[in-house]
Amino acid sequence: MGHSSVSDPPGVPSRLRTVRPDGTPVYRYRQRPGLPPVSVTRFDTEAAHLSLPPDHRHAHDFLVLVYVEEGMGSFTVDGAERPLRAGEVHAVSPGQVIGVAAELARGRAWSVAFTPDAVPALTSVSPLAWTHHPLLALFTFSAGHGRIAEPDQASWSAWLADLAEELADPGRLGAREAIAALLTRLLVAAARLAPSAPATPDPLVERVFAEIEATFHEPVSAADVARTLGYTPGHLTTVLRRRTGRPLLEWITERRMTEVRRMLRETDLPLDAVAARTGLRDATYLVRRFRDRHGITPQRWRRTQRAWS
């Protein structure tokens, strides 16, 4: 939403990653060497979506936060219509299917796309625990959006403008720290808009996540996880996609990639050792999976992280 397009226009940090069996395109965050994995776009929705067909369905493999400054309209998330009103913040999680309706072509908004590696407090957090992390409270399926009190709306516009300014010149002194601090500030403010009552955990999802957490270091497959829990891979994949927005194999891969990134960032282990400790076959397979997921080789990603530290 504001960060994905079939044509992948300039300045949009996403690229088509895959297409689901139902035809829904899934866009990945395009890692730009030397830059943190976060981008901000201020757009006039009429201009931003002028070339898109009605109900342009797509999903991301990154997190998106949208703040509506002016106007009103609607879009859909996983088939459910969600109104857009001035002063509202909307959070879209990886895997959720977004449908941009024609009614969105009114007003002005900010859109922030980022991966957890842009936030120090989230760099090593398992994606299986995102729904329980306080900074991502608005991204839980039971929340999704919140309304900013009118006196605080100017602060949101100012934070986003400051974030955009820092991202425009990421090489200057302290830019990385300022970007991380501003994004964290936005997530804290967004989390405070989420419902105070915690969501009721989904027992099946909790069981699946617990099994993935216990076994992702080993070369287990989606079929192995499903069989252990007493389901067929096809059935469990369908149920998990419906309840979480992502299929079983994607959750396993996401958990492994989080650990791979942590090890690349925090250790000097060779790729063969990293692969052996994350359930991947060997360094060659790790490189292929990492590049498919992040659009960059693990070696280059590691150098980029070291350059910024």
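- Note that OH of Tyr29 and CD1 of Ile296 are 12.0 Å apart. Values are rounded to the nearest 0.5 Å.
- Side-chain atoms of Ser93 never come within 3.5 Å of backbone atoms of Gln96 as a donor-acceptor pair (strictly under, hydrogens ignored).
- Here the CZ atom belonging to Arg302 is positioned 8.5 Å from the CE atom belonging to Met263, to the nearest 0.5 angstrom.
- Remark: side-chain polar atoms of Thr140 are paired, donor with acceptor, to backbone N or O of Ala137 under 3.5 angstrom.
- Val97 and Phe75 fall into different hydrophobic clusters, where Ile, Leu, Val, Met, Phe, Trp and Tyr residues are linked whenever their side-chain heavy atoms come under 4.5 Å apart, directly or through other members.
- Side-chain atoms of Ser74 and Glu81 include a donor-acceptor pair closer than 3.5 Å.
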Run Leu271 and Leu264 through side chain to side chain contact (heavy atoms under 4.5 Å, CB included) and show every step you take. CA-CA 9 Å; Leu271 295 188; Leu264 292 174; 3.8 Å; yes
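- Between Pro116 and Leu122, the shortest heavy-atom contact is O-CB, 3.6 Å.
- Within the structure, salt bridge (charged side-chain N to carboxylate O under 4.0 Å, His left out) pairs that include any residue of residues 137-146 do not occur (at least two apart or interchain).
- The ring pair (Phe, Tyr, Trp, His ring centres under 6.0 Å) test applied to Tyr67 returns Trp156, not counting sequence neighbours.
- Minimum heavy-atom separation, Ala226 to Leu236: CA-CD2, 3.7 Å.
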Is there a side chain to side chain contact (heavy atoms under 4.5 Å, CB included) between Leu63 and Val92? Walk through the geometry before answering. CA-CA 6 Å; Leu63 298 131; Val92 182; over 6 Å; no
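- Applying the side-chain contact (heavy atoms from CB on, under 4.5 Å) test to Thr253 and every residue at least two apart in sequence or in another chain returns Leu249, Met257, Arg289.
- Residue pairs meeting the side chain to side chain donor-acceptor pair (under 3.5 Å) criterion with at least one partner in residues 270-288, sequence neighbours excluded, are absent.
- Side-chain atoms of Arg256 do not come within 3.5 Å of backbone N or O of Leu280 as any donor-acceptor pair.
- Between Asp78 and Arg242 no salt bridge is recorded (no basic side-chain N to carboxylate O distance below 4.0 Å).
- Annotation for Arg20: atom CZ counts as buried by contact number, over 12 foreign heavy atoms lying within 6.0 Å.
- A distance-only check finds a donor-acceptor pair linking the side chain of Gln153 to the backbone of Ile148 [under 3.5 Å].
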ask   = Step by step, would you call Phe114 with Phe62 a side chain to side chain contact (heavy atoms under 4.5 Å, CB included)?
value = CA-CA 6 Å; Phe114 65 99; Phe62 48 89; over 6 Å; no
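- Between the Arg262 side chain and the Ser124 main chain, no donor and acceptor come within less than 3.5 Å of each other.
- Within the 4.5 Å cutoff, the side chain of Phe139 has heavy atoms near those of the Leu65 side chain.
- Looking at Val64 and Pro94, their side chains never come closer than 4.5 Å, going by heavy atoms from C-beta outward.
- Between the CZ atom in Arg227 and the CD atom in Glu211 there is a gap of 11.0 Å [rounded to 0.5 Å].
- Between Ser126 and Arg255, the side chains place a donor N or O and an acceptor N or O closer than 3.5 Å (distance only, hydrogens not considered).
- The existence of a salt bridge linking Glu166 and Arg176 is excluded, since no basic side-chain nitrogen approaches an acidic carboxylate oxygen closer than 4.0 Å.
- For His133, the ring pair (Phe, Tyr, Trp, His ring centres under 6.0 Å) criterion is met by no residue, not counting sequence neighbours.
- When all heavy atoms of Trp159 and Leu182 are compared, the closest pair comes out as O-CD2, 4.2 Å.
- In terms of modelled atom types and a separation under 3.5 Å, the side chain of Glu88 and the main chain of Arg85 share a donor-acceptor contact.
- Across all their heavy atoms, Thr123 and Pro120 have their closest contact at OG1-O, 3.2 Å.
- Both Val119 and Leu163 belong to a single network of hydrophobic side chains, linked directly or stepwise wherever heavy atoms of I, L, V, M, F, W or Y lie under 4.5 Å apart.
- Using a distance-only test at 3.5 Å, with no hydrogens or angles considered, a donor-acceptor pair links the side chain of Thr232 to the main chain of His235.
- For the residue pair Thr24 / Arg57, a side-chain donor-acceptor distance below 3.5 Å is found, with atom types taken as modelled.
- Tested against Arg261 for a side chain to side chain donor-acceptor pair (under 3.5 Å), the candidates His294, Gln305, Glu266 yield a single pass: His294.
- Atom CG of Leu240 and atom OH of Tyr231 lie 11.0 Å apart (nearest 0.5 Å).
- Of the residues listed (Arg82, His58, His90), the one engaging Ile98 in a side-chain contact (heavy atoms from CB on, under 4.5 Å) is His58, and it is the only one.
- A salt bridge does not link Glu250 to Arg241: none of the charged side-chain nitrogens sits closer than 4.0 Å to a carboxylate oxygen.
- Two different hydrophobic clusters hold Trp301 and Ile179 under the rule that ILVMFWY side chains link at heavy-atom gaps under 4.5 Å.
- Side-chain polar atoms of Arg28 and His60 form no donor-acceptor pair below 3.5 angstrom.
- Atom-to-atom distance recorded for Asp202:CG and Arg243:CZ is 4.5 Å, nearest 0.5 angstrom.
- Pro298 has its side chain within reach of Leu286: a pair of non-hydrogen atoms, C-beta onward, lies under 4.5 Å apart.
- For His217, there are no ring pair (Phe, Tyr, Trp, His ring centres under 6.0 Å) partners two or more places apart in sequence or in a different chain.
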Quiz prompt | Check against side chain to side chain contact (heavy atoms under 4.5 Å, CB included), Trp130 and Leu135 | solution = CA-CA 9 Å; Trp130 283 355; Leu135 282 182; over 6 Å; no
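- Residues Val208 and Val125 do not share a hydrophobic cluster, defined by chaining ILVMFWY side chains whose heavy atoms lie under 4.5 Å apart.
- Transitive grouping of hydrophobic side chains (ILVMFWY, heavy atoms separated by less than 4.5 Å) brings Val188 and Trp110 into a common cluster.
- Taking each heavy atom of Val239 and Leu204 in turn, the nearest pair found is CG1-CD2, 3.7 Å.
- For the 3.5 Å distance criterion, the side chains of Asp224 and Ser221 qualify, holding a donor opposite an acceptor.
- Within 6.0 Å of the CD atom in Glu150, the count of heavy atoms belonging to other residues, nucleotides or ligands does not exceed 12.
- Summarising the geometry of Ser157 relative to Glu69, their closest heavy-atom pair is OG-OE2, 2.6 Å, with the distance given to 0.1 Å.
- The shortest side-chain heavy-atom distance between Phe290 and Val260 falls under the 4.5 Å cut-off.
- In the displayed structure, Arg147 atom CZ is contacted under 6.0 Å by more than 12 heavy atoms of other residues, nucleotides or ligands.
- The line from CG of Leu229 to CG of Leu248 is 8.5 Å long, rounded to the nearest 0.5 Å.
- Remark: aromatic rings of Phe209 and Trp251 are close, center separation under 6.0 Å.
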